[in-house]
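Here's the structure we're looking at; comments come further down.
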Amino acid sequence: MRGNAFLDKMSLVNPAFVETAEAVSKKRKNIRFKWYAAAACFALLIYAGTRLFTKDSKGNSTDLPLLYISENTSAMGYEGYMAYDASELVSANPWREDMELATMPVYQNTLDYDDNFIASGVDFEKMQKFLLEVAGRLGLDANELTITDDVPDEESRKKIIEKFNEAGDTVPEGYFNPTRLIIEAEGLKIEVDRTMTAKVTFKPAVKLPDKYNFIYFASYEDIAAVAEYLKTEYKNFIGYENTLVNIHGGDYNIYAQQMYSIEFFGASGNDTELIINYNFNRTAFYCDGEGNLAMARIYQPDLSKKVGDYPIISLAQAEELLSKGKYITTVPYEMPGSEYVKKVELIYRTGELEEYYMPYYRFYVELPQEERENGLKTYGAYYVPAVESTYISNMPTWDGSFN
Amino acid sequence: MDDNKIVELYLLRDEAAIKHTSEKFGKRLRSLAYGITNDPQTAEECENDTYMEAWNTIPPHEPTNYLYAFLVRITRHISLNCCRERSRLKRSAFICELSAEMEECIPAPDDVECRIDDMAFGEAINGFLGMLDEEKRNIFIRRYWFLDSIADISRRFAISQSKVKTTLFRCRNQLREYLEKEGYYI
């Protein structure tokens with residue numbers, strides 16, 4: 001019997017079960033909300049006490065929820081980095097193999113997306129607060145600012161509705177919900193989106209002093225010099241107490257042009273917080289084709305829904321899982337073998353559609369089939385969950401499918 | 001009107017049976033059909049086809065004590081076939097997705113002729129569902145009987161989509177293990 005027939009035969013389910021699922025679930029939702037309202041204070045009172053009893057003798061939490069890996073890749077192509085040698089691929093990732101990290105935090109994405117990519121869980125208050133904070137960092141007076149959003153005007157909405165109707169469809173609920181809050185001021189446009197990313201567009205783009213070479217294919221040394229300048233010049237905007245520079249990239253495009261990017265993140269007292277800052281709370285600067293500062297982004301995703309501190313596996317254990325096909329990848333080739341693993345780092349996947357922000361080992365694997373005549377190699381990215389597999393409900397297994 | 005009186009009208013070949021069926025169950029049947037097909041016009045067609053099917057199958061069936069269950073099974077079957085046959089409904093891909101999920105429950109999926117009849121399958125699936133706690137059972141049935149999307153189930157039960165997926169994943173694994181253990185070869 002195939003899945004199709006199995007689905008058909010589900011009609012043989014006991015009608016009593018069917019009627020219960022039809023009726024009881026709706027009633028249950030109301031009861032759940034009443035329960036939450038009544039129990040909120042009580043839960044807070046007992047929280048401290050119960051925390052003492054949720055760890056086992058090894059200190060590992062025994063009530064950590066199972067995690068689900070969402071492999072959402074809607075982009076075309078695959079994640080591969082071209083370089084003559086993997087050592088050219090650089091970053092200031094603070095993770096090191098000899099760090100003693102028994103657990104790492106996992107956060108739930110506060111946003112939920114339906115089949116039409118309409119998000120729920122958007123916190124417009126937080127977005128507005130962040131927007132005004134960024135404006136303040138740029139010297140703008142909040143009292144003189146008008147906040148707008150990206151909801152289409154009446155005429156645009158009518159056109160969109162017409163198009164849906166022509167296709168025999170209706171506009172999904174929530175389609176016209178705002179996704180960004182915007183401030184426009186002289187020389188600046190600031191937008192904060194639902195992922196809590198603030199994008200600042202400089203209009204016109206800001207010219208840097210002549211000695212700085214801030215162009216797309218500038219050398220590492222030139223980009224590092226620009227970074228030091230921006231770190232000082234935009235200190236208030238960047239806003240971290242102790243700022244660390246992250247010059248990352250070093251990969252090439254198909255014209256053998258090498259690129260580096262500038263980011264900053266905040267230093268912190270312990271390794272875990274440093275890794276979290278590196279992955280989540282960062283500021284990036286971008287040039288335009290003329291060598292001017294055109295844009296900046298501040299990433300400050302909502303990490304308020306911490307699921308727990310999960311035990312993580314060692315690099316050696318991750319390598320074993322990699323060799324067994326237990327990875328996520330967009331690369332259209334099976335991992336060619338451990339001898340082709342040229343670089344590894346621990347990172348968090350922070351894509352908008354991730355249901356959980358959790359750590360992974362990212363392996364850069366040389367793809368022998370992709371080496372070019374000029375010697376440029378391609379290193380495909382293969383991700384192995386760093387969280388112990390007992391906490392993952394759908395441990396990935398490569399099945400040869402390609403996005 | 002009582003179900004047994006409605007069935008009696010079918011048996012007497014009185015067309016008032018359809019009218020009473022529609023009055024009593026029409027809204028629920030259409031709602032089920034809409035939930036599956038996601039298209040109001042198709043849902044209405046499925047509802048009407050259900051009445052025709054009921055007219056053609058009562059007699060010999062006499063669902064005096066289970067008329068709604070009888071009708072809703074017909075509606076589900078018709079709606080599911082509509083989705084498969086009409087790709088413009090954009091639901092055929094969703095049905096494929098559900099079929100693929102169901103395939104995970106089959107102990108040894110292959111092309112060998114099905115060796116389980118309806119009675120045995122009913123016994124198997126209901127035995128398994130009876131073992132689940134109520135929430136898990138309801139979630140499983142909403143997904144694979146009512147063909148709800150993950151997002152809809154999440155909203156209906158006021159739980160996260162992640163929890164829905166985890167619950168379904170575990171249930172499918174448990175169902176496969178149950179079928180293997182009980183010796184049901186599918």
Side-chain angles (χ1 to χ4, degrees), chain A residues 1-33 35-36 65-70 108-118 120-121 167-170 172-173 305 307 354-356 391-395, chain B residues 28 32 39 66 68-70 72-73 76-77 80 84 88 90 94-96 98-106 109 111 114-116 118-119 121-122 125-126 129-130 134-135 137-142 144-147 149 151 153-163 165-166 169-170 186:
Chain A
M1 181 193 294
R2 307 304 304 189
N4 247 338
F6 202 112
L7 196 63
D8 284 336
K9 286 197 183 290
M10 283 293 293
S11 60
L12 295 167
V13 164
N14 187 329
F17 288 159
V18 173
E19 291 216 39
T20 304
E22 189 182 20
V24 173
S25 53
K26 287 178 188 174
K27 182 180 167 187
R28 181 169 162 73
K29 186 174 178 179
N30 291 333
I31 291 172
R32 189 182 283 268
F33 279 124
W35 165 251
Y36 280 164
L66 271 187
L67 304 172
Y68 182 89
I69 292 175
S70 39
Q108 187 173 7
N109 190 341
T110 55
L111 299 177
D112 244 340
Y113 294 89
D114 67 12
D115 297 337
N116 295 303
F117 199 60
I118 292 168
S120 56
D169 211 338
T170 51
E173 193 185 319
K305 279 190 180 177
V307 186
E354 298 285 337
E355 283 196 53
Y356 292 104
Y391 296 98
I392 298 175
S393 64
N394 60 332
M395 201 52 197
Chain B
R28 286 167 83 185
L32 169 66
D39 179 85
Y66 56 95
Y68 176 65
F70 181 80
V72 87
R73 197 172 283 171
R76 182 182 183 271
H77 178 73
L80 204 50
R84 288 178 178 134
R88 73 166 179 86
K90 302 184 195 103
F94 176 64
I95 301 301
C96 286
L98 289 176
S99 299
E101 286 178 20
M102 287 267 83
E103 196 136 326
E104 292 174 25
C105 305
I106 303 172
D111 290 322
C114 175
R115 288 177 280 175
I116 186 169
D118 281 1
M119 192 177 288
F121 183 88
I125 191 69
N126 290 311
L129 290 172
E134 193 174 329
E135 184 176 73
R137 181 167 57 245
N138 289 336
I139 289 173
F140 191 88
I141 290 172
R142 286 308 313 186
Y144 301 117
W145 202 100
F146 288 94
L147 312 187
S149 67
I153 296 172
S154 167
R155 277 190 289 271
R156 179 180 282 269
F157 287 79
I159 56 176
S160 70
Q161 289 194 30
S162 176
K163 184 171 176 188
K165 287 178 189 173
T166 303
F169 176 79
R170 282 167 156 171
I186 298 180

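Bear in mind the structure is a predicted one, so any value in this text is a computation, not a measurement. Residue numbers begin at 1 in each chain, while the letters A, B, ... track the order of the sequences.
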As a test of understanding, state which of A:K305, A:E355, A:E354 forms a side chain to side chain contact (heavy atoms under 4.5 Å, CB included) with A:Q108. A:K305

Heavy-atom pair count under 4.5 Å with chain B, highest-scoring of A:S393, A:P15, A:G121: A:S393

Gap between atom CZ of B:R142 and atom CZ of B:R156 - 0.5 Å precision: 3.5 Å

Taking the six-membered ring for Trp, is the centroid-to-centroid distance between B:F121 and A:F6 below 6.0 Å? yes

Heavy-atom proximity to chain A below 4.5 Å, by part of B:F70: neither

In terms of heavy-atom proximity below 4.5 Å to chain A, should B:Y144 be classed as side chain, backbone, both, or neither? both

How far apart are the closest heavy atoms of B:W145 and A:M10, and which atoms are they? CD1-O, 3.0 Å

Out of B:L129, B:V72, B:I153, which one racks up the most heavy-atom pairs below 4.5 Å with chain A? B:L129

